[in-house]
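So the structure is just underneath, and the comments pick up after that.
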Amino acid sequence: MSNKNYHHGDLKEALISSARKILIEQGADALSLRAIASDVGVSHMAPYAHFKNKKALFQSIAAGGFNELADKMLENSQALSKAPDLILSYGATYVEFAIDHPQLYRLMLGQVENTGRRNQNVGSQNIESQTSMDISLMNPAVSSDLEASSNRSFILLQDAFLKANKQGDEMKIKAQALGAWAMVHGMAALIIEGHFTIPDTMSLKDFLSMAAVQSPR
């Protein structure tokens, strides 16, 4: 492929676009800085002006994916105002995004998962001081862009539960948001790995509504 002339910012976007294409067509194992350079038609050293290594490339792709997810959640809920409707819409959008972009979704979650456990000095922090998923606490090597983008969807969900909780119980709101996030994440993972499918007779929203566990009163 012949070389093309790119402005500095255009090249980065072209490299990320190429990486997304390779990810979809060949999977994460085929991704490398050399592979995307070849696909875009630039020297094998050109990507290093934007990504210092493969991990930085992966985190940039993941950050873009998380931003797309949050933007889609906002787009699909524009006409909604009631908390239960927002929560259901956010959850359905999350699962739909994973189903539509399974390779990207796997890479996104892979970049924020901790390979071990939280550092002991972090684990002693009071959960009440946390305002989001605090991805940075789980993995100190996460970039600032990925940290911010990966928290956006959870913050939307948390705000919806805040809207529903008239008493403003902070711990309850966070617990509910985490429970809902864990549910849709688990469901998305099970679906894209082929463990089950949503029945053809109902929508994803209907299935999520039915699957939500209600605490006994």
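The basis for the numbers below is simple: all heavy atoms, side chains too, and nothing from hydrogens, waters or symmetry mates.
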State, yes or no, whether a side-chain contact exists between F66 and N151 at a heavy-atom distance under 4.5 Å. no
To the nearest 0.5 angstrom, please state how far the CZ atom of F154 sits from the CE atom of M73. 10.5 Å
Hey, can you pull the donor-acceptor pairs under 3.5 Å for the side chains in residues 99-109, sequence neighbours left out?
unit_1	atom_1	unit_2	atom_2	d
Y105	OH	Y94	OH	2.9
Y105	OH	H185	ND1	2.6
R106	NE	E193	OE2	2.8
R106	NH2	I192	O	3.4
R106	NH2	E193	OE2	3.4

Heavy atoms only: give me the nearest L208-A92 pair and the separation to one decimal. CD1-N, 3.3 Å
Near K205 NZ, under 6.0 Å, is it more than 12 heavy atoms from other residues, nucleotides or ligands? yes
OG of S149 to CG of D71: how many Å apart, nearest 0.5 Å? 10.5 Å
Would you mind reporting whether M210 and M202 have side-chain heavy atoms less than 4.5 Å apart? yes
Test item: S38 side-chain N/O and R34 main-chain N/O as donor-acceptor pair under 3.5 Å: no
Check whether any side-chain heavy atom of S60 sits under 4.5 Å from a side-chain heavy atom of D145, and report yes or no. no
Between I87 and A160, which heavy-atom pair has the shortest distance, and what is it? CG1-CB, 3.6 Å
For Y90 against L156, the heavy-atom pair lying closest together: CE1-O, 3.4 Å
Stepwise side-chain contact (heavy atoms from CB on, under 4.5 Å) test for Q111 and L146: CA-CA 9 Å; Q111 297 313 299; L146 179 54; 3.8 Å; yes
Interatomic distance, NZ@K174 vs CG@L162, rounded to 0.5 Å, equals 11.0 Å
Side chains of L88 and S209: closer than 4.5 Å at any heavy-atom pair? yes
Indicate the atoms forming the closest heavy-atom contact of A164 with A83, along with that distance. CB-CB, 3.5 Å
To the nearest 0.5 Å, what is the distance between CZ on F97 and CG on L69? 5.5 Å
Under a 3.5 Å threshold, yes or no: a donor from one side chain and an acceptor from the other, between S203 and D206? yes
With rounding to the nearest 0.5 Å, note down the distance linking NE2 in H44 to CG in L33. 10.5 Å
Taking the side chain as C-beta and beyond, is there a heavy-atom pair between L15 and H50 under 4.5 Å? yes
Test side-chain contact (heavy atoms from CB on, under 4.5 Å) on K12 and F51 and set out the steps. CA-CA 9 Å; K12 183 176 181 179; F51 312 106; 4.0 Å; yes
Is a side-chain donor-acceptor pair under 3.5 Å present for T93 with N76? yes
Check whether any side-chain N or O of S77 sits under 3.5 Å from a backbone N or O of L80 as a donor-acceptor pair, and report yes or no. no
Heavy-atom nearest pair, S143 first then Q59, reads N-OE1, 2.8 Å
Got a sec: does the NZ of K54 have more than 12 other heavy atoms crowding it under 6.0 Å? yes
I191 side chain reached by M187 side chain, heavy atoms, under 4.5 Å: yes
Please list, one pair per line, the donor and acceptor atoms closer than 3.5 Å that link side chains of residues 20-31 to other protein atoms, with sequence neighbours excluded.
unit_1	atom_1	unit_2	atom_2	d
R20	NH1	E68	OE2	2.7
R20	NH2	E68	OE1	3.4
R20	NH2	E68	OE2	3.4
K21	NZ	D39	OD1	2.9
K21	NZ	D39	OD2	3.3

Of L157, N165, D159, the residue whose pairing with F161 passes side-chain contact (heavy atoms from CB on, under 4.5 Å): L157
Working to the nearest 0.5 angstrom, can you tell me the gap between S32 OG and N53 CG? 12.5 Å
